[in-house]
Amino acid sequence: MQLNYIANQSVPSASSQTIDVIDPSDGQAYDQIQRSVAADIDDAVGAARHALDSVWCKLSAAERGRLLMRLSLKITEHAQELADIEQRDCGKPTKQARADAAALARYFEFYAGACDKLHGQTIPYLDGYSVLTWREAHGVTGHIIPWNYPMQIFGRSVGGALAAGNVCVVKPAEDACLSLIRVAQLAAEVGFAPGVINMVTGYGHEVGAALARHRGIDHISFTGSPRVGTLIQQVAAERHCPVTLELGGKSPQIVFADADLDAALPAIINAIVQNAGQTCSAGSRLLVAQAIYEPLLARLGTAFENLRVGPAQLDLDVGPLIRRSQQQRVADFLDDAHAAGIPIVAEGKVVEQAPPSGFYQAPVLLRDVPVSHRVAQEEVFGPVLCALPFRDEDHAVELANATQFGLVAGVWSANGARQLRMARRLRSGQVFINNYGAGGGVELPFGGVKSSGHGREKGFEALFGFTTLKTVAIRHG
Ligand code: NAI
Ligand code: MG
């Protein structure tokens, strides 16, 4: 049984209740986590506050950086163990689980180097004055992590927060806690003081909500659904607590007739099947110039038919979805698409070795999807790609911007002027030109516009969100 990790101690929840840990590859329970309650958050916030005031605030930025680097190296040493844990807990194919462990180490490496590079400014002001700014930590930061990339999202969120001088209370998703509990233990082993990183598991509407409304939390980072993002911002607003929200997307891949299709096709497929489509930056809409619509769909269709879905350990193209309700959610979208007469171009195959009790969904390529249909508007979070033709550049921009989301966009074209025009006109937080980084790029600021959220994580930019600015004006004559 897994326990919470508070002040470098493994502790049970005050509730004395647990939640089963499920392997999505066969749907079977194989462990339990704590079903924590508000009292556990009180303990974690208390431990974090104590750590901040007694130890963490006294470390120099360089010392903080060294600690983060030690954790990065420790994660690398334990990368296989962490990948194995995440593989079973989340149903990740081996390559994906290993990539996630490597990304976690890379986040801590990146933020280790950033600790002592973050500084304020001096500002010209009136005669006889000097003005300077300090970047100060918020204090105790709350991190509500989703289940699709536990290690990666922990890395970007907690790595950035620690680098900026904060301490952390982390609430992983109820479906995906095990790797993060282990990382918190590794952090203690490399010398993180008790209370700097605290891990409290449980249901979102119980312990996640308790974290979001806790008066001792000074900043909240949340990645997950728009519905929960709204709830969190509402409760945070009551005490004017800043929030960073990353709420997913419906990201378009826009392919012009002059695109290099040999380069584009593998990237387009990967961007929707990676992690079984459960990726916030999944390229889930394919907008194609009319002139190449049919030939491109023919090539993509063949590739989709060859995609294989099965247990995580077989390391096929696609693993299972995270849980039964997610499988049902994707099936509901496909039923709606079917009822609306939306044609299927091609589907992948679930292999025979896949246990029927696992949460499998074959990748599906849909064509001629009406832009207003919910499968083209909402985040499916499964391996479902919607293709739509466009007439010209204006039409491509109109379709690309026609959802509530704005996280990432991909543009495939050989025309440099068009690449830049598109990059300017697309309403999204990232634009990839002739490449597509679903989830990638530790160094690259990441976050959305519109319902995709606000604030930026990843890269150096994240440190501005994890700090507040103090202006000091001195009149010296
Ligand atoms: P969710 O938004 O409920 O879960 C994300 C995290 O929020 C989990 O840790 C959960 O325990 C926590 N949470 C849930 N309710 C909460 C509350 N009231 N207060 C505080 N924390 C709470 O997402 P869910 O239901 O697991 O997935 C539904 C859909 O959300 C997915 O199909 C997908 O479309 C989207 N999603 C997007 C993600 C992204 O990367 N942007 C990640 C996960 C889900
Ligand atoms: Mg699980």
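Atoms within a ligand are numbered from 1 in the order they appear, just like the ligands themselves.
Remark: side-chain polar atoms of Asp23 are not paired, donor with acceptor, to backbone N or O of Gln28 under 3.5 angstrom. Looking only at distances, no side-chain donor or acceptor of Ser72 sits under 3.5 Å from a matching main-chain atom of Phe108.
Nearest approach of Ala44 to Val200, heavy atoms of both residues: CB-CG2, 3.7 Å. Nearest heavy-atom pair across Tyr436 and Pro252 is CE1-O, 4.5 Å. Between Cys90 and Pro150, the shortest heavy-atom distance links the atoms SG-CG, 3.9 Å. Looking at every heavy atom in both residues, Ser25 comes nearest to Tyr360 through O-OH, 2.6 Å.
In this structure, the protein non-hydrogen atom closest to atom 42 (C) of ligand 1 is Pro146 CB, 3.3 Å. In terms of protein heavy atoms, atom 10 (C) of ligand 1 is closest to Glu174 OE1, 3.6 Å. Remark: minimum distance from atom 7 (O) of ligand 1 to any protein heavy atom is reached at Phe222 CE1, 3.2 Å. Counting protein heavy atoms only, atom 35 (C) of ligand 1 is closest to Glu379 OE1, 3.4 Å. Of the protein's heavy atoms, Arg323 NH2, 3.4 Å lies nearest to atom 25 (O) of ligand 1. For atom 20 (C) of ligand 1, the closest non-hydrogen atom of the protein is Gly208 C, 3.2 Å. Looking from atom 39 (C) of ligand 1 to the surrounding protein, the closest heavy atom is Cys280 CB, 3.5 Å. Of the protein's heavy atoms, Phe381 CE2, 3.8 Å lies nearest to atom 44 (C) of ligand 1.
Here Leu247 has backbone heavy atoms under 4.0 Å from ligand 1, and that is the only part of it that gets that close. The part of Arg329 lying near ligand 1 is the side chain, judged by heavy-atom distances below 4.0 Å. Contacts with ligand 1 closer than 4.0 Å are made by backbone heavy atoms (N, CA, C, O) of Ile145 only, the side chain lying farther away. Contacts of Trp147 with ligand 1, taken as heavy-atom pairs under 4.0 Å, involve the side chain alone. Residue contacts with ligand 1 for Ala173 involve both N, CA, C or O and side-chain atoms from C-beta outward (heavy atoms, distance under 4.0 Å).
Aromatic rings of Trp147 and Phe381 (six-membered ring for Trp) have centroids within the 6.0 Å cut-off, being under it. Aromatic ring centroids of His219 and Phe466 lie under 6.0 Å apart.
Considering both main-chain and side-chain atoms, Thr223 never comes within under 3.5 Å of ligand 1 through any nitrogen or oxygen pair. In terms of N/O distances under 3.5 Å, ligand 1 is not approached by Arg227. Geometrically, ligand 1 and Tyr203 share no nitrogen or oxygen pair separated by less than 3.5 Å.
Which parts of ligand 1 touch Val228 is read off a 4.0 Å heavy-atom cut-off, strictly below it: atoms 2 (O), 3 (O), 13 (N), 14 (C), 15 (N), 16 (C), 17 (C), 21 (N), 22 (C). Residue-ligand proximity, Leu231 to ligand 1, at heavy-atom distances under 4.0 Å covers atoms 18 (N). Per-residue contacts place Lys171 under 4.0 angstrom from the following atoms of ligand 1 (heavy atoms of the residue considered): 9 (O), 10 (C), 11 (O). Proximity to Glu246 (heavy-atom distance under 4.0 Å) selects the following atoms of ligand 1: 41 (N). Residue Gly248 has at least one heavy-atom neighbour below 4.0 Å for each of these atoms of ligand 1: 41 (N). Close contacts of ligand 1 with Ala209, meaning ligand atoms under 4.0 Å from a residue heavy atom, involve 19 (N), 20 (C).
Summarising the contacts of atom 14 (C) of ligand 1 with Ser225, Gly204, Gly453, the nearest heavy atom is found in Gly204. Heavy-atom proximity to atom 36 (N) of ligand 1, evaluated over Gly224, Pro226, Ala176, Ser325, is greatest for Gly224. Closest heavy-atom approach to atom 40 (O) of ligand 1 among the candidates Thr230, Ile144, Asn148, Ile153: Asn148.
Side-chain contact of Thr279 with Asn148: a donor-acceptor pair under 3.5 Å is absent, judged by distance alone. For the 3.5 Å distance criterion, the side chains of Gln377 and Arg374 fail to qualify, holding no donor opposite an acceptor. When only modelled atom types and interatomic distance are considered, Gln34 and Asp40 share no side-chain donor-acceptor pair under 3.5 Å. Side-chain polar atoms of Ser179 and Glu86 form a donor-acceptor pair below 3.5 angstrom. Ser357 and Asp26 share no side-chain donor-acceptor pair at under 3.5 Å. Side-chain contact of Ser157 with His143: a donor-acceptor pair under 3.5 Å is present, judged by distance alone.
When distances to the Mg ion (ligand 2) are checked against a cut-off of 2.8 Å, Asp23 contributes no N, O or S atom below that limit. Inclusion of Ala176 in the first shell of the Mg ion (ligand 2) is not supported: no N, O or S atom falls under 2.8 Å.
A salt bridge links Arg106 to Glu443: one of the charged nitrogens lies within less than 4.0 Å of a carboxylate oxygen.
Few gaps surround NE2 on His373; more than 12 heavy atoms of other groups in view lie less than 6.0 Å from it.
Closer than 4.0 Å to atom 4 (O) of ligand 1 lies none of the heavy atoms of the protein.
For Gln326, the heavy-atom gap to ligand 1 drops under 4.0 angstrom.
Side-chain contact check for Thr223 versus Ile145: every heavy-atom pair is 4.5 Å or farther apart.
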